[in-house]
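Below: the structure, in structure tokens.
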2 protein chains.
Amino acid sequence: MHDTEKANRKKQQGKPRKRKARFKVTFQPFETSIEIPSGQTLLDAVRKANLPLKTTCGGKGTCGDCLVQIMSGFYKKKITAALPDQLASRGYTLACQTEIADNLIVQLPQFKELSIKSVADSKFLDEQRDNISGVYEIDPIIKKIELALPSPTLDDNYSDLKRLERTLRKNIGASTINCEYSALKKLAYTVREEQGNISVVLGRFGEETTIIDVLPTSKEKKVYGIACDIGTSTVALHLVDLKSGKIAGTASSLNQQIKCGEDIISRINYAQKPGRLKELHELIILTVNNLIEKASRAAKIADSDIYYGSFSGNTTMIHLFLNLEPRYIREEPYVPTFNRVPLVLSRNLNLKMNLEGRIHCSPAVGSYVGGDITAGLLCTPILKDPKKISLFIDAGTNGELVVGNKEWLMTCACSAGPAFEGSGIKCGVPAVEGAIERLKFKANADWEYKIIEGTKPRGLCGSGLVDLLAELFIYGYIDRHGKFNEAKAKKRLVESEDGRGFLILEGSKSFWGKDIIITEKDISNLIRTKGAVFSATSLLLKNVGLRFDEIDSYYIAGGFGQNLNIENAIRIGLLPDLDRNRFHYLGNTSLLGACLILLSDKNKKLVNDISEKMTYIELNTEPSYMNEYTGALFLPHTDMKLFPSVNRIFTG
Amino acid sequence: MHDTEKANRKKQQGKPRKRKARFKVTFQPFETSIEIPSGQTLLDAVRKANLPLKTTCGGKGTCGDCLVQIMSGFYKKKITAALPDQLASRGYTLACQTEIADNLIVQLPQFKELSIKSVADSKFLDEQRDNISGVYEIDPIIKKIELALPSPTLDDNYSDLKRLERTLRKNIGASTINCEYSALKKLAYTVREEQGNISVVLGRFGEETTIIDVLPTSKEKKVYGIACDIGTSTVALHLVDLKSGKIAGTASSLNQQIKCGEDIISRINYAQKPGRLKELHELIILTVNNLIEKASRAAKIADSDIYYGSFSGNTTMIHLFLNLEPRYIREEPYVPTFNRVPLVLSRNLNLKMNLEGRIHCSPAVGSYVGGDITAGLLCTPILKDPKKISLFIDAGTNGELVVGNKEWLMTCACSAGPAFEGSGIKCGVPAVEGAIERLKFKANADWEYKIIEGTKPRGLCGSGLVDLLAELFIYGYIDRHGKFNEAKAKKRLVESEDGRGFLILEGSKSFWGKDIIITEKDISNLIRTKGAVFSATSLLLKNVGLRFDEIDSYYIAGGFGQNLNIENAIRIGLLPDLDRNRFHYLGNTSLLGACLILLSDKNKKLVNDISEKMTYIELNTEPSYMNEYTGALFLPHTDMKLFPSVNRIFTG
């Protein structure tokens, strides 16, 4: 008998529980609870709760996919080879092999919050400050300032508000001053308690200044904002000190809406039944609130210290975030409710922030090019030069491309799929701790790899998958269609629940204790994704009458991870075969752009200009679309002349 | 046995109830409920609930003051002479003589909502439009406009919001357009459901236009506002159609805070214990909400059709209305939290209005001169002429005076007491239906009187009390000190629980079936009130170096009723003895001013100017204050030379 199990039984003996008819099972991170009769399995409970849990073997206990972690409560489990000891000892169990014997709190590790690493940090903005279209300055619209109000006397007994306004005008010279009702309620007491030494949190909204909060200066509270990228697959957030502009905390996780569909079309469809829009809205609010909580806890600040949120995401994600009907986005003539939305109060969305907090959402261009792109463009130098032509590629689950310069901007969208964000690929993970981000064949047919945060590998993030695909292709383990070369790959081919796969790493070396493999289905998935991006790029340029080599610079964004090997991205045909110096990988520009907007209102004006100025081209209605796409479903492309450097590897 | 009682017993027999240990008693209009053991009296319940109910005899069943009306439930009552048959037959009973035998809903008639009549109607504004300082125009900041949005096409597929903004700009040419989140949520659906024929409710806030609501044009909803005067004793409200400016409904009642103290100082004191500020706030919100409900019901409109509220009241009342600490108003140096408050959202106050409704409060001058005065001045011509000097007297529970012209304004306040609003006087009632508003001795020593709404008299309102006092004095029933002239009054003097009183009307003629009498205590109360107003007037004029006859016009406001007999007001020494043409009775100018502000933003600027411009004089610290006041505690005054016309009546 297993140690953990022994301990488990011992606990049961030591603390005998009267057997109840029904138990409550709570699933993290969804906070979903369900009542279920004792004796049923955890997999039954997961299914009854309508939660997403992959089970390739269908509950036979052989695939090991339905891994869950029990956080509290007693349970009975069957011993199975698919559950490695190293996991069992950490409280993991297979849902299909576990009988419920108590009220349980269960973590679904597929959805656990993980720290997603990307180059989206302030270092990038600092280094690139002269090279980006946005303005990098610390001048947010919400600020705290300290005031010393003179005590009232019989000769100077104006009202508290008037004395506050008078002192404020001396300090900041504002013309129209408003005051939030909640701030007014605290005013009289705070002024007297602190002998006039109060701090006010001010919002600069248009021409008007609004007093949002009144605080005792003695408490030395800082004022924070959050910048957040709401991706279809992953959500990433920075907690920012609004005075210094420093990032005080970072958090990211999968978008919990994933259980309702992987791409925007399936989410919109999901939202059509009664109550479902609310569910999607609550899932994204839950996702964001979990991230806020995580970042706030790490920075040791209160929710109420956060007064401003800058959000960017595609049009559908922002509609769902704001609880707005997304249906008309996908019905002809594809009209969203809004492109540019006024500031929304955080309390309207139940966000874990100050109740008077304001939310800005980056403006969209239309139904299929959202605020993630307008914000992202701030992080590129595209808008700086009237002559140099650049191309911006955001290869997220929904891929968007922009070509142009200071004078003009054209854009299009394509459904790339979430493969490069680590979703829908068996060995794929987001760019989280434990993700393999770089990968290379060593001389002895083994791998040389680099892991984010250096623990045992959990899987491969986008940049790792690009490397893997390129290496498999260049070393001849797969052919141009992405099929295994039997002769060459034989030694590393293994059978798995998902079909035949190529063994990347043995179970003993992996975090989960399970082999990390890639199947032909996964490879085909990756090829479709890179094909969608490449064919969209090609078609967009044809539409504007430009060749690949007429583009001076290519800026690549997306959830690939901290680094993207440009050479390998070209080898698989994701990027065109040009001088490598033309390519610049920027990381999560949507998040970086949201940061820029958070810190300076000038960027708000810039993104509004961008959203007004950009022309959208609908690719799906182009007759040549299918031709372009089919041609790109090869490694690197059906037309090898387009990739001379890759051709040379094979032809010498 | 009495008929009603028989019916009551019959019901009890027909529907026997199992005797419970405890019953729930709910008191209207306070909506206060209490649990009480069976067998106790209603008076016990009233006391336990800490509600105000006058009981002069202390519960012996003799004074008849503790009259209540049972709205539902069974009860046992003792027969007593103090309960006239005509009241018993309408469900009235004496609280001290009634045993609780069921769950009861009980109306306290002293606090029942009644329709307070005053000259505060739009007729006044219409007639006086060229004679008032305010602007009478129908141009409220909140308006509904109808739009026809063209259907989106593939060539014109801008977002719903953008297409709305575009159409709006064509219609109203607004520059910055905001949109409330709640309106945004309804937009997509309403636009499609109504084929673009939507109406938007717009708010013009400063330089910006905000879309507050989106409605189907087909529903033909009107947009309403409320104007409300929050007096210390009475609250009055007009429901106004914001398009036509017409008054769609009117309601008024006693301020339910009265149970916590009659004047502002006692309310401020009451608020000092924990939870009490909240209680006072909730009582005034309850009062206002009851009035909104009554007016809305009569006009057959929904709460959500009301988008704008214009409130005026003294500084303390508005602090309590906004749930703001009033304490510092009465502590040196008498600093209120605000004089001028930005617009507040109706939902912050839980008002029965549209959730996006906006609330404007008229600006105060200081702790003791509030928004009722700045709004009230709009209804006078004081600010029109740079030469003519006028005096404005608002004789409410808190009396305020303003002297000046277009160039300068001086103001002061005095604690007049609620006597002229019908509070604190046994026979006094607000200017409600059934109030005697005019009174005159007939030849045969009986009275000639006029009742508001012509039913049987309930008591005397302010104007009736002024008439009564003057007639009693002129005909010699009372002397200059307000004491009964035994010889003359003998026949009409009766003993009552409150002491000896002068019989005004026999019980058979009154609504309550009880004698209407006035006691020496009541007379003394009225004299103190008129004395406070007169001495404040005198002292204010001395402060600015003017004599009574140097004032061109006197404008009198207050809760006296529809009319005030100026001759009698002079005879009792409330007003100075000058040419009667100099006096103008205006009624409830605070409510009228709130209406003007509701209908035109120009008035908001005017009241702000007034509040900035006015100079406050503190009378209480004047050494001559007590002299002036004591001199005014005679009829009409200790110095008869000041009232030559009154002197002539007695000296011929």
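Hydrogens, waters and symmetry mates play no part in the numbers below; they use all other heavy atoms, side chains included. Sequence lines set the chain letters: A, B, ... in the order given, protein chains first and strands last, and positions in each chain run from 1.
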Above 12 or not: heavy atoms from other molecules or residues under 6.0 Å from OH of B:Tyr270?
yes
Should the heavy atoms of other residues, nucleotides or ligands under 6.0 Å from OH of B:Tyr189 be counted, would the total exceed 12?
no
Flag, side chain of A:Thr374 to backbone of A:Pro363, donor-acceptor distance under 3.5 Å:
yes
Expected contact set for residues 323-330 of chain B against chain A at heavy-atom separation under 4.5 Å reads B:Asn323, B:Leu324, B:Tyr328
Is a salt bridge present between B:Asp156 and B:Arg163, judged by a nitrogen-to-oxygen distance below 4.0 Å?
no
Which region of A:Leu349, side chain (C-beta onward) or backbone (N, CA, C, O), has a non-hydrogen atom less than 4.5 Å from a non-hydrogen atom of chain B, or is it both or neither?
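The side chain, not the backbone.
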Which atoms of A:Leu184 are under 4.5 Å from chain B, going by heavy atoms: the side chain, the backbone, both sets, or neither?
both
So which of [options] has the largest heavy-atom pair count under 4.5 angstrom toward chain A?
| options | value |
| --- | --- |
| B:Tyr181, B:Tyr616, B:Phe338, B:Tyr158 | B:Tyr181 |
| B:Pro336, B:Ser159, B:Ser367 | B:Ser159 |
| B:Asn348, B:Leu187, B:Asn178 | B:Asn348 |

So for [X], is it side chain, backbone, both, or neither that comes closer than 4.5 Å to the heavy atoms of chain A?
| X | result |
| --- | --- |
| B:Pro333 | both |
| B:Val344 | side chain |
| B:Thr153 | backbone |
| B:Glu612 | side chain |
| B:Leu154 | both |

Geometric cation-pi criterion B:Arg358 and B:Tyr308, 6.0 Å radius, 45° cone
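No, B:Arg358 does not sit over the ring of B:Tyr308.
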I need the residue from [options] with the largest number of non-hydrogen atom pairs under 4.5 Å to chain B.
| options | value |
| --- | --- |
| A:Asn339, A:Asn157, A:Leu345, A:Thr337 | A:Thr337 |
| A:Ala364, A:Ser182, A:Pro342 | A:Pro342 |
| A:Ile177, A:Leu161, A:Val335, A:Val191 | A:Val335 |

Taking all atoms of both residues into account, what is the closest heavy-atom pair of B:Thr315 and B:Val369, and its distance?
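That would be OG1-O, 3.7 Å.
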Between the CD1 atom in A:Ile284 and the CG atom in A:Asn289, the distance rounded to the nearest 0.5 Å is 10.0 Å
Going from CG on B:Leu283 to NZ on B:Lys278, what distance comes out if it is rounded to the nearest 0.5 angstrom?
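Answer for the CG-NZ pair, B:Leu283 versus B:Lys278, is 11.0 Å.
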B:Ile285 and B:Glu282, any side-chain heavy atoms less than 4.5 Å apart
no
Side chains of A:Thr176 and A:Glu207 in contact at under 4.5 Å (non-hydrogen atoms):
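Answer no - side chains too far apart.
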Would you check if the distance from the ring center of B:Phe321 to the ring center of B:Phe311 is below 6.0 Å?
yes
side-chain contact (heavy atoms from CB on, under 4.5 Å) with B:Ile198: of B:Thr167, B:Leu215, B:Leu164, only one passes, and it is B:Leu164
